[in-house]
Number of protein chains: 2
Amino acid sequence: MSGLHLDIKDCGQCPIRHRAVCSRCEPDELETLESIKYYRTYEAGQPILWSGDHLEFVASVVTGIATLSQTMEDGRTQMVGLLLPSDFIGRPGRDSSPFDVVAVSDVTLCCFRRRPFEDLMISTPHIGNRLLEMTLDELDSAREWMLVLGRKTAREKIASLLLIVARRDASLRKNHPSDGMAFDLPLTREAMADYLGLTLETVSRQISALKKSEIIELQGKRRVIVPDLDALVAETGDDFDGGPIA
Amino acid sequence: MSGLHLDIKDCGQCPIRHRAVCSRCEPDELETLESIKYYRTYEAGQPILWSGDHLEFVASVVTGIATLSQTMEDGRTQMVGLLLPSDFIGRPGRDSSPFDVVAVSDVTLCCFRRRPFEDLMISTPHIGNRLLEMTLDELDSAREWMLVLGRKTAREKIASLLLIVARRDASLRKNHPSDGMAFDLPLTREAMADYLGLTLETVSRQISALKKSEIIELQGKRRVIVPDLDALVAETGDDFDGGPIA
DNA sequence: CGCGGGATTGACACGGGTCAAGATACGTGG
DNA sequence: CCACGTATCTTGACCCGTGTCAATCCCGCG
């Protein structure tokens, strides 16, 4: 256990305050939320939920990264979402998750028991409205990802993923992606393969190929440098951008 | 033009009354909706929206089938959703659609101008709640489809699609899919290919292969008979079902 | 120093894409 | 009623991209 973080008590201090499902709440609404929330932490690699599990809570990711994925009987698995800070886990109105949720890095969740949260959604439209907005964004991202999975080549898939991670990393630092930027891949080759619908060997080969083409540089296995952002964008196959942002 | 269907005036008679975004509305709320709604029709093959278009309205599909898709510069296209009666088009809070919407059959939409509808969503929680529920369902379906696109073989993809259409067709007739059932494919081979991330040749070949394996029978090019439903399910690769329902 | 998990690289096979030639079905006009 | 044209679908031959299997490398850690 990496310890319970009972130190984050005050929603006002919360790092995801401005983006999470609670971002629209007024002070009095926050107070209600504060009274029913609790934190849970998971170490890297731990499962958070198995597909079909009874859902006792819904939650926001506060820190860390988790993946949403499904697995077929024979072991083929497909990642269907990356959960980042401020993303929401769980589905009001249903009592089991159709997907597996796994912590990729150490993860802290801000949890609400499902029933009280569902009641709150009825009495507090700010929550429902924000959740609708977030869900619509997720749906757009999921659909954009379908193009990647269904129609892109391995090289385009890798470039698309690198660009997503680059954008996300830049936005965490509150600036824009730019030439020469560097970032760390939060995923293993295998996790990237699961996300992209490839094998880890193909991922490895295409990363090497992008390096040889000087589209990217590598420092160690995880750190990526992008000397020319437009060159990377061109490799995604998208007209100019269009790529998933989430 | 297949004519304006001004005969459907009364929401109480509406065929999608119980499933659409308005399904939770009370009589007085329906009346408000009724005052701002209008119908539009599209012939098979007509575009309904182009990606990037200014969105002047949101709408429910009343009758017919439409597709949601994206296209890359070089012409590769991926369908990202099938829109069936009661499905919702448009995104409150955004003023352009990120995807192309095309009528596959003749389509009738029940439209609401966007602004008034957005106002209504605030004053009428029943609408927002229902839309949230529908969006969450769509998101689950999209994610389930990601497994199909990313990890399934061509034969499994075809079987998955056939099963979806079979289920949907059965549910329209208000019964369950069963051995010996027959249905029409609403899509051309090319549209199926766009949905499945395949080429139309591969679609054609795999349909022929399933016929040779006696998993399906064909009457003409479009009508499909499923002698043994479990056999078809087995071809999808899913453990037992799990397949997308939407 | 040796172990072990992740990553890389190579050799080979095969599924599905590509290109091209028919087949089938259907509507249109003579 | 038939000839023709067009759109859709089927089938074949071939090739390339990606998967599979296996060896090796890299690097952190005990």
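Proteins get letters first, then strands, A, B, ... in listed order; numbering begins at 1 in each.
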Output a table of nitrogen or oxygen pairs between the protein and nucleotides 18-23 of chain D separated by less than 3.5 Å.
from, atom 1, to, atom 2, distance (Å)
dT18(D), OP1, A154(A), N, 2.9
dG19(D), OP2, T199(A), N, 3.4
dG19(D), OP2, T199(A), OG1, 3.2
dG19(D), OP2, T202(A), OG1, 2.5
dT20(D), O4, R205(A), NH2, 2.7
dC21(D), N4, E201(A), OE2, 3.1

Quick one: which protein N/O atoms are closer than 3.5 Å to N/O atoms of nucleotides 2-7 of chain C? Pair and distance per line, please.
from, atom 1, to, atom 2, distance (Å)
dA7(C), OP2, R189(A), N, 3.0

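Atom-to-atom, CD1 of I207(B) to C1' of dT11(D) comes out at 14 Å; the value is rounded to the nearest Å. Rounded to whole Å, the distance from NZ on K212(B) to C1' on dT10(D) is 12 Å. Between L196(A) atom CG and dG17(D) atom C1' the separation is 16 Å, expressed in whole Å. Between the P atom of dC9(D) and the CG atom of D184(B) lies a distance of 13 Å, rounded to the nearest Å. The separation between E156(A) atom CD and dG17(D) atom P is 12 Å, rounded to whole Å. One atom, CG of L218(B), and another, P of dA25(C), lie 12 Å apart when rounded to the nearest Å.
The pair D87(B)-R19(B) fails the salt-bridge criterion, with no side-chain N (NZ, NE, NH1 or NH2) lying under 4.0 Å from an Asp/Glu carboxylate O. D184(B) has a carboxylate O that lies under 4.0 Å from a charged side-chain N of R223(B), or vice versa, which qualifies the two as a salt bridge. One finds a salt bridge joining E156(A) and R76(B) here, because a Lys/Arg side-chain nitrogen approaches an Asp/Glu carboxylate oxygen to under 4.0 Å. Between E235(A) and R155(A) a salt bridge is recorded (basic side-chain N to carboxylate O distance below 4.0 Å).
With sequence neighbours excluded, the residues that form a side-chain contact (heavy atoms from CB on, under 4.5 Å) with D169(B) are R173(B), F183(B). Applying the ring pair (Phe, Tyr, Trp, His ring centres under 6.0 Å) criterion to F57(B), with sequence neighbours excluded, gives no partner residue.
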Report all side-chain donor-acceptor pairs from residues 188-199 of chain B shorter than 3.5 Å, counting only partners two or more places apart or in another chain.
from, atom 1, to, atom 2, distance (Å)
T188(B), OG1, E190(B), N, 3.4
T188(B), OG1, A191(B), N, 3.0
R189(B), NH1, K221(B), O, 3.3
R189(B), NH2, K221(B), O, 2.9
D194(B), OD1, R151(A), NH2, 3.3
D194(B), OD1, T77(B), OG1, 3.2
D194(B), OD2, T77(B), OG1, 3.1
T199(B), OG1, T202(B), N, 3.3
T199(B), OG1, T202(B), OG1, 3.1

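Among residue pairs with one or both ends in residues 54-64 of chain B, those qualifying as side-chain hydrogen bond (donor to acceptor under 3.5 Å, both in side chains) are T63(B)-T108(B); sequence neighbours excluded.
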